[in-house]
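Step one of this worksheet: look at the structure below.
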Amino acid sequence: MEIFPVERIREDFPILKQHVYGKPLVYFDNGATTQKPVRVIETINRIHREQNASIHRSVNWMSDHMTQLYEDARKTIRAFIGAGKISEIIFTAGATASINAVAFSFGETFLEPGDEVLISTMEHHSNIVPWQLACERRGARLKVIPITDAGTIEMDAYRNLLGDKTRIVAVTHVSNTLGTINPVKEMIRLAHERDIPVLVDGAQAIQHTAVNMVDLDCDFYVFSGHKVYGPTGIGILYGKEQWLERLPPYQGGGDMIDRVTFEKTTFNELPFKFEAGTSNYIGAIGMAEAVAYISEIGMQAIHEYETGLRDYAAGLLSAFPGLSQYGTAPDKTAIFSFVLNNVHPFDTGMILDKFGIAVRTGTHCTMPLMNRFRIEGTVRASLCFYNTHQEIDRLMEGLQTVTDMLA
Ligand code: PLP
């Protein structure tokens, strides 16, 4: 096996060279947002400096050129996620915006009183609240798939919950708190046996493993640009054409229309029907650059390297006295949630920060999951391919200091 060139890759991320409180930065908060390689930063700068013009609207050269780059970005994303058609790729503001769009449009069209929406216990608030709102509007009910103590979906319970009233399943591909990789392909197959569509929240999966929409056969898939080494304020809603055709637009405005009169408006074709207003075209082009960058490194190589980091960190954390881990599924990404020796996660995080180690503490936008484990919060270290084994050692030293000081 080829050695993963992590030191060379780190050169692409200038921010990683920083010192925090005089210590070299260890950035373990990649689940919240990822850092950007130079070529993404430079692409965005170059457009602002040299080529900025609004897309899809004007006859001038720069606008035409920008439109071309924007539509090329769509093609790059289509190829990256293995979607069948370019019309199935919709640019949104992020994963949250994508889920809200589906929850609203699908809810208004297909949810009736007494219907059920099925989600899991480990969903991010972004894949809970939009469905709750839709259920409240339509008189439908939110049903929740339970999980095991290790943080895996209870598949028998899932099978039993899929019923005549289930209208849609919305489930995360990878848990942002536990790291669990859910068996989404099997979950989709089971739902489809009953003609139930499935939305997969890919916000924590797409940057760690290769995905293919045709193979997965999901009906909707969502993710955010800023978690795949691209800019903030941009994301993707993938939807099968047959669903997107049936759903009404979520927002009205420029670009999404065909003809407008005061009496009636007809809508543009896909994907533009769901892209109201001036799109974040520079964000879209920046995200495509990020996706091109990680594709060049190779999703398989990234996956293998990150699996090595995961195993190394898991071994050390499991052996650390007094440390309770949440999320011990065999199939998981390098996300670690833990509580150390009854020390409040916030205190652990504050001390680690003083050592230059950036983690996240709290509920990670998964309060119902915290209730499931009867805890108030955790420390979360979320790793990615520019992290190193030495940085994991730094984390362990930091945890030892926390223990010496507070436990
Ligand atoms: N879903 C999951 C699993 C997430 O981890 C996040 C963000 O942390 C989101 C959805 C929401 O992403 P965004 O805030 O970029 O819209």
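Order of appearance sets the numbers: ligands from 1, and atoms from 1 within every ligand.
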Q | Residues Asp393 and Tyr312: side-chain donor-acceptor under 3.5 angstrom | A | yes
Q) Ser126 heavy atoms, cut-off 4.0 Å: which ligand 1 atoms fall inside? A) 10 (C), 11 (C)
For residues 248-260, which side-chain N or O atoms pair as donor and acceptor with protein atoms under 3.5 Å away, sequence neighbours left out?
unit_1	atom_1	unit_2	atom_2	d
Asp255	OD2	His56	ND1	3.1
Asp258	OD2	Thr266	OG1	3.0

Q: List the steps, then state whether ring-ring contact (aromatic ring centres under 6.0 Å, His included) holds for Phe13 with Tyr27.
A: CA-CA 11 Å; Phe13 294 85; Tyr27 187 74; over 10 Å; no
Q) Which of these, Arg246, Lys273, Lys85, sits in a salt bridge (charged side-chain N to carboxylate O under 4.0 Å, His left out) with Glu241? A) Lys85
Q | Thr172: numbered ligand 1 atoms lying under 4.0 Å from its heavy atoms | A | 3 (C)
Q: Give the residue, atom name and distance (to 0.1 Å) of the protein heavy atom nearest atom 4 (C) of ligand 1.
A: His124 CD2, 3.3 Å
Q: Please state whether the rings of Trp243 and Phe220 are parallel, tilted or perpendicular, taking 30° and 60° as the class boundaries.
A: tilted
Q | Distance under 6.0 Å and angle within 45° of ring axis: Lys36 vs Tyr229 | A | no
**Q.** Residue and atom name of the nearest protein heavy atom (relative to atom 1 (N) of ligand 1), distance in Å to one decimal
**A.** Asp201 OD2, 2.5 Å
Q) Taking both backbone and side-chain atoms of Lys227, is any N or O found less than 3.5 Å from an N or O belonging to ligand 1? A) yes
(Q) I need the atoms of ligand 1 closer than 4.0 Å to a non-hydrogen atom of Ser224, numbered in the order shown. (A) 12 (O), 13 (P), 15 (O), 16 (O)
Q: May I ask you to list the atoms of ligand 1 that are less than 4.0 angstrom from any heavy atom of Thr96?
A: 11 (C), 12 (O), 13 (P), 14 (O), 16 (O)
Q.
Tell me whether His364 reaches ligand 1 (any heavy atom closer than 4.0 angstrom to a ligand atom).
A. no
Q. Heavy atom under 4.0 Å from ligand 1: found in Ala95's side chain, backbone, both, or neither?
A. both
Q: Mark up the atoms of ligand 1 that fall under 4.0 Å of a heavy atom belonging to Gln204, in ascending order.
A: 3 (C), 4 (C), 5 (O), 8 (O)
Q.
Looking only at the side chains, is there a donor atom on one of Thr180 and Thr152 sitting less than 3.5 Å from an acceptor on the other?
A. no
